Amino acid sequence: AQKITQTQPGMFVQEKEAVTLDCTYDTSDQSYGLFWYKQPSSGEMIFLIYQGSYDEQNATEGRYSLNFQKARKSANLVISASQLGDSAMYFCAMGPSYNTDKLIFGTGTRLQVFP
Amino acid sequence: GAVVSQHPSRVICKSGTSVKIECRSLDFQATTMFWYRQFPKQSLMLMATSNEGSKATYEQGVEKDKFLINHASLTLSTLTVTSAHPEDSSFYICSAGSGGRRDTEAFFGQGTRLTVV
């Protein structure tokens, strides 16, 4: 069975600093996708970044980058130059490769950015 | 990216009544939609997979008679919480399957916050 683990229930970071949110996963599948979503207090799920299991390079999307270490089964999210608007819940998720069907989510990390 | 619209965003109902939540894909056809539930301060848990033109597939522990799913068209799936009770109060959110499209953009609805009093 697939499993996503996020061990940080909460994180604090000062504005303009970088922060790393941890995510480890477990799967016996060879092909899979790893996703990060942001959920503000309004509840919507905002897609941030995706990493495919066969992608050789770490994914980057603007201020977001994914530190993918396949052997260690980790897919940490790095947010550079944090902004106050980054304060939200962040979920790591796993699904089939290159599509968002039937995702399995971690328990989430609440990030708070302070001035 | 594609857009999924979910309605209503918030609903309060009396215990014992039924509530219908709609999930629409606005600019693409979704043969598969997914319904998730999120209790306060918890993660999203998949409830069921909604298949257009056929019965939904429910995850273990989800009562299919309580959470009725209908996917009558390629752009609409509905979740009906029947005889709702306070323990059904939760955040429900749908997503539209990308159907094998090579796409990683998430197609989530805005979510529905259900409160049963």
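Since this is a predicted model, take the numbers as computed values, not measurements. Letters go in sequence order (proteins before strands), and every chain restarts at 1.
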Checklist entry - Is there a chain of hydrophobic side chains (I, L, V, M, F, W, Y, each step under 4.5 Å between heavy atoms) that links B:Val11 to B:Leu79? => result yes
Checklist entry - Do B:Val19 and B:Leu68 sit in the same hydrophobic cluster, where Ile, Leu, Val, Met, Phe, Trp and Tyr count as joined when their side-chain heavy atoms come under 4.5 Å apart? => result no
Checklist entry - Taking the side chain as C-beta and beyond, is there a heavy-atom pair between B:Tyr36 and A:Leu103 under 4.5 Å? => result yes
Next on the checklist: Could you measure the distance from the CZ atom of A:Phe91 to the CD atom of B:Gln38? Nearest 0.5 Å is fine.
Outcome noted: 4.5 Å
Next on the checklist: If hydrophobic clusters are built by linking Ile, Leu, Val, Met, Phe, Trp and Tyr wherever their side-chain heavy atoms come under 4.5 Å apart, do A:Tyr90 and A:Val78 end up in the same one?
Outcome noted: no
Checklist outcome for this item: In this structure, NZ of A:Lys102 is separated from OG1 of B:Thr49 (nearest 0.5 Å) by 4.5 Å
Next on the checklist: Hydrophobic cluster membership, with links at side-chain heavy-atom distances under 4.5 Å among I/L/V/M/F/W/Y: are A:Met94 and A:Trp36 in one?
Outcome noted: yes
Checklist entry - Which region of B:Glu59, side chain (C-beta onward) or backbone (N, CA, C, O), has a non-hydrogen atom less than 4.5 Å from a non-hydrogen atom of chain A, or is it both or neither? => result side chain
Next on the checklist: Could you go through A:Gln39 and B:Phe91, starting from their C-alpha distance and side-chain angles, then the distance that decides it, and tell me whether this counts as side chain to side chain contact (heavy atoms under 4.5 Å, CB included)?
Outcome noted: CA-CA 12 Å; A:Gln39 187 181 43; B:Phe91 186 69; 3.8 Å; yes
Checklist entry - Do A:Thr107 side-chain atoms and B:Ser43 backbone N/O form a donor-acceptor pair below 3.5 Å? => result no
Checklist entry - Is there a path from B:Val81 to B:Val117 through hydrophobic residues (I, L, V, M, F, W, Y) whose side chains come within less than 4.5 Å of each other? => result no
Next on the checklist: Between B:Leu44 and chain A, with a heavy-atom cut-off of 4.5 Å, which part of the residue counts as in contact: side chain, backbone, both or neither?
Outcome noted: both
Item to check | Flag if over 12 foreign heavy atoms under 6.0 Å of NZ, A:Lys16 | outcome: no
Item to check | A:Phe47 ring center near B:Phe108 ring center (under 6.0 Å) | outcome: no
